[in-house]
**Student:** 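My questions will all concern the structure given below.
Residue numbers begin at 1 in each chain, while the letters A, B, ... track the order of the sequences.
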Number of protein chains: 2
Amino acid sequence: MGTAERRAREKDELRRRILEAATALFLEQGYESVSMRKIADRIEYAPSTIYLYFKDKVELVSSICFETFSELDRRLEAIRNLGLTPIETLRRSLIDYIHFGLEHPSHYMFVFCTPPAVFKDMGQDQRCDVNGMAMTSFNRLRVGIKACMEDGSIRVDDVETAAQSAWLFVHGVTTGLVVDCGFPFVERTMLIESSIDRLIRGLN
Amino acid sequence: MGTAERRAREKDELRRRILEAATALFLEQGYESVSMRKIADRIEYAPSTIYLYFKDKVELVSSICFETFSELDRRLEAIRNLGLTPIETLRRSLIDYIHFGLEHPSHYMFVFCTPPAVFKDMGQDQRCDVNGMAMTSFNRLRVGIKACMEDGSIRVDDVETAAQSAWLFVHGVTTGLVVDCGFPFVERTMLIESSIDRLIRGLN
DNA sequence: CAGCATACTGAACGCCGTTCATTTTGACAA
DNA sequence: TTGTCAAAATGAACGGCGTTCAGTATGCTG
């Protein structure tokens, strides 16, 4: 009588294989190089079968990104649990955010640089998917800055504005370095560290 | 005997019309929504005709962006000629950079967020097109920061690193605000101003 | 074994960028 | 005027794409 369970397992398994094939393509060249037909080839199913598991290409890739951005949140959580001072926690988090982006360029660019029109017919639940995840992570930043303010290590007029500025800054460092547009950047680690130093110095 | 000149003028005219049609499409929805076939429809020529005037779609759009980024450079030049103090010049320039990006979202995103693979078979001259322009503008930033350092309004270890950090920051503000990902930002002008304030405070 | 829901497929639609053999155009010399 | 010839423009085709849907296969249940 476990047939229902087995069928469910088989469905899950194929879903997993679709995600796996899509991820491989996504990692290679980003969103544009993911193609339903190429995925179908790799898993040896017809292209239309994929639509039984995902509404469309955007939802498929979004669901890959959701998983990856969960990892970011776990990493930030881990840093928070290190028991460092608020300011040191903030510093480490911001640097790790940038590293996360650099480690997952396709994911990062898809989530933050894809024109909103692409997402237009995503169901509300699916839209909240990645966006909700990003919001959770941003909230850590908000809380982190608040903690720094409360222990006096920084002084800002408005926590929300400061948090948004801080995100815009690390976002800039990330996107700027992720897209290799041939610009002759100075050594990367040094550039990141000194950017974060300046960012924190600016929070006053 | 001015037939050659007239023919050249006619070629230029069609080239201009292609750029015009392409620009209209580009402004509406960005790079992906520009299509050779739609351009052809609008100018009432066959799609293949466009290829007599532009190597491919990337070169066509790049050439649109080159024009627009020249405007940025002129704007920065104009600010420089205002005769303000170095620090005030820097401030105004950084803010204007962000405004430029927000005024030309498609151009900005195409130039700085398109995966390099897309540009891979662009001729060296054409690659330098926009990239060279961006370099010229970046050089203004470098020079501006140097001027501030020399008059003592800021203090940095290394001008190059500081300039790159500064660019990454304004780049982040620009891309973050250009892509409307539904994030509940605080009032835009205030956010930009206070971000730039922090940026400059961080240059010390 | 029949019925039936579930899973899957193949063909098609309408897009896309790009290429190239072919045709059209129009200025010039005879 | 007519014939020639380069330049300009074209239409059809290639191979790709995301997506839909009528129809087929599969395999469990009664």
Side-chain angles (χ1 to χ4, degrees), chain A residues 1-18 21-22 25-26 28-64 110 114-115 117-123 126, chain B residues 1-18 21-22 25-26 28-64 110 114-115 117-123 126:
Chain A
M1 189 38 66
T3 52
E5 281 86 349
R6 205 209 55 217
R7 297 251 266 182
R9 241 184 301 123
E10 279 170 2
K11 273 217 92 165
D12 273 9
E13 171 62 13
L14 182 49
R15 197 188 142 91
R16 207 191 50 72
R17 288 217 298 138
I18 292 170
L25 292 164
F26 189 48
E28 280 166 30
Q29 297 264 23
Y31 180 71
E32 294 303 333
S33 83
V34 175
S35 118
M36 303 307 256
R37 293 170 137 98
K38 282 191 268 188
I39 296 168
D41 272 358
R42 297 202 178 189
I43 62 174
E44 298 180 290
Y45 276 79
S48 45
T49 302
I50 301 170
Y51 290 87
L52 301 173
Y53 293 80
F54 297 93
K55 191 168 106 8
D56 55 24
K57 186 178 153 183
V58 176
E59 195 189 289
L60 207 185
V61 174
S62 294
S63 128
I64 292 171
F110 176 74
T114 302
V118 172
F119 297 98
K120 82 172 146 12
D121 51 337
M122 275 225 336
Q126 294 296 347
Chain B
M1 190 42 63
T3 51
E5 283 85 348
R6 204 208 55 217
R7 296 251 266 184
R9 241 184 301 121
E10 280 169 3
K11 274 216 91 165
D12 274 9
E13 171 62 13
L14 182 49
R15 196 188 142 91
R16 207 193 48 73
R17 290 219 293 140
I18 292 170
L25 292 163
F26 189 49
E28 282 165 29
Q29 297 265 23
Y31 180 72
E32 294 303 332
S33 85
V34 176
S35 118
M36 303 307 255
R37 294 169 136 100
K38 281 190 267 185
I39 296 168
D41 272 359
R42 297 202 179 188
I43 61 173
E44 296 180 293
Y45 276 79
S48 45
T49 303
I50 301 171
Y51 290 87
L52 301 174
Y53 294 81
F54 297 93
K55 193 168 105 11
D56 54 23
K57 184 177 155 184
V58 176
E59 195 189 287
L60 172 47
V61 174
S62 294
S63 129
I64 292 171
F110 176 73
T114 302
V118 171
F119 297 98
K120 84 173 144 13
D121 51 337
M122 274 223 338
Q126 294 297 347

**Student:** Just compare D:dT19, D:dC17, D:dA13 and give me whichever is closest to any side-chain atom of A:K38.
**Tutor:** D:dC17

**Student:** Between B:V34 and A:A46, name the one whose nearest nucleotide on DNA chain C is closer to the 5' end.
**Tutor:** A:A46

**Student:** Calculate the interatomic distance between B:Y45 atom OH and C:dT18 atom P; express it in whole Å.
**Tutor:** 21 Å

**Student:** Using whole Å, report how far CD of B:E44 lies from P of D:dA8.
**Tutor:** 21 Å

**Student:** Send over the distance from B:L14 CG to D:dT10 P, rounded to a whole Å.
**Tutor:** 9 Å

**Student:** Whole Å only: how far is the CD1 atom of A:I50 from the P atom of D:dT20?
**Tutor:** 13 Å

**Student:** Rounding to a whole Å, what distance do you find between A:Y51:OH and D:dC21:P?
**Tutor:** 12 Å

**Student:** Under 3.5 Å, side chain of A:T49 to main-chain N/O of A:A40, donor-acceptor pair present?
**Tutor:** no

**Student:** Check every atom of C:dT19, D:dT19, D:dA9 against the side chain of B:T49 and return the nucleotide holding the closest atom.
**Tutor:** D:dA9

**Student:** Side chain of A:Y53: nearest nucleotide among C:dG17, C:dC8, D:dG18?
**Tutor:** C:dC8

**Student:** Starting at CG of B:L25 and ending at P of C:dG17, how long is that distance when rounded to a whole Å?
**Tutor:** 10 Å

**Student:** Given side chains that start at C-beta, do those of B:Y31 and B:V118 come closer than 4.5 Å, heavy atoms only?
**Tutor:** yes

**Student:** Side chain of B:L52: nearest nucleotide among D:dG18, C:dC8, D:dA8?
**Tutor:** D:dA8

**Student:** Quick one: do A:V34 and A:I64 satisfy side chain to side chain contact (heavy atoms under 4.5 Å, CB included)? Show the steps, please.
**Tutor:** CA-CA 12 Å; A:V34 175; A:I64 292 171; over 6 Å; no

**Student:** Measure from NZ on A:K57 to C1' on D:dG18 and round the result to the nearest Å.
**Tutor:** 8 Å

**Student:** Answer with yes or no whether B:R37 presents, from its side chain, a donor or acceptor under 3.5 Å of a partner atom in the base of C:dG17.
**Tutor:** yes

**Student:** Ignoring hydrogens and geometry beyond distance, is the side chain of A:S48 in donor-acceptor contact with the base of C:dG10 at under 3.5 Å?
**Tutor:** yes

**Student:** Quick one: A:D41 CG to C:dT9 P, roughly how many Å, whole number?
**Tutor:** 12 Å

**Student:** Any idea which of D:dG18, C:dC16, C:dT18 is nearest the A:S35 side chain?
**Tutor:** D:dG18

**Student:** Between B:E59 and B:M122, what is the shortest heavy-atom contact and its length?
**Tutor:** CA-SD, 4.3 Å

**Student:** Do A:Y45 and A:I50 have side chains that approach each other closer than 4.5 Å (heavy atoms only, starting at C-beta)?
**Tutor:** no

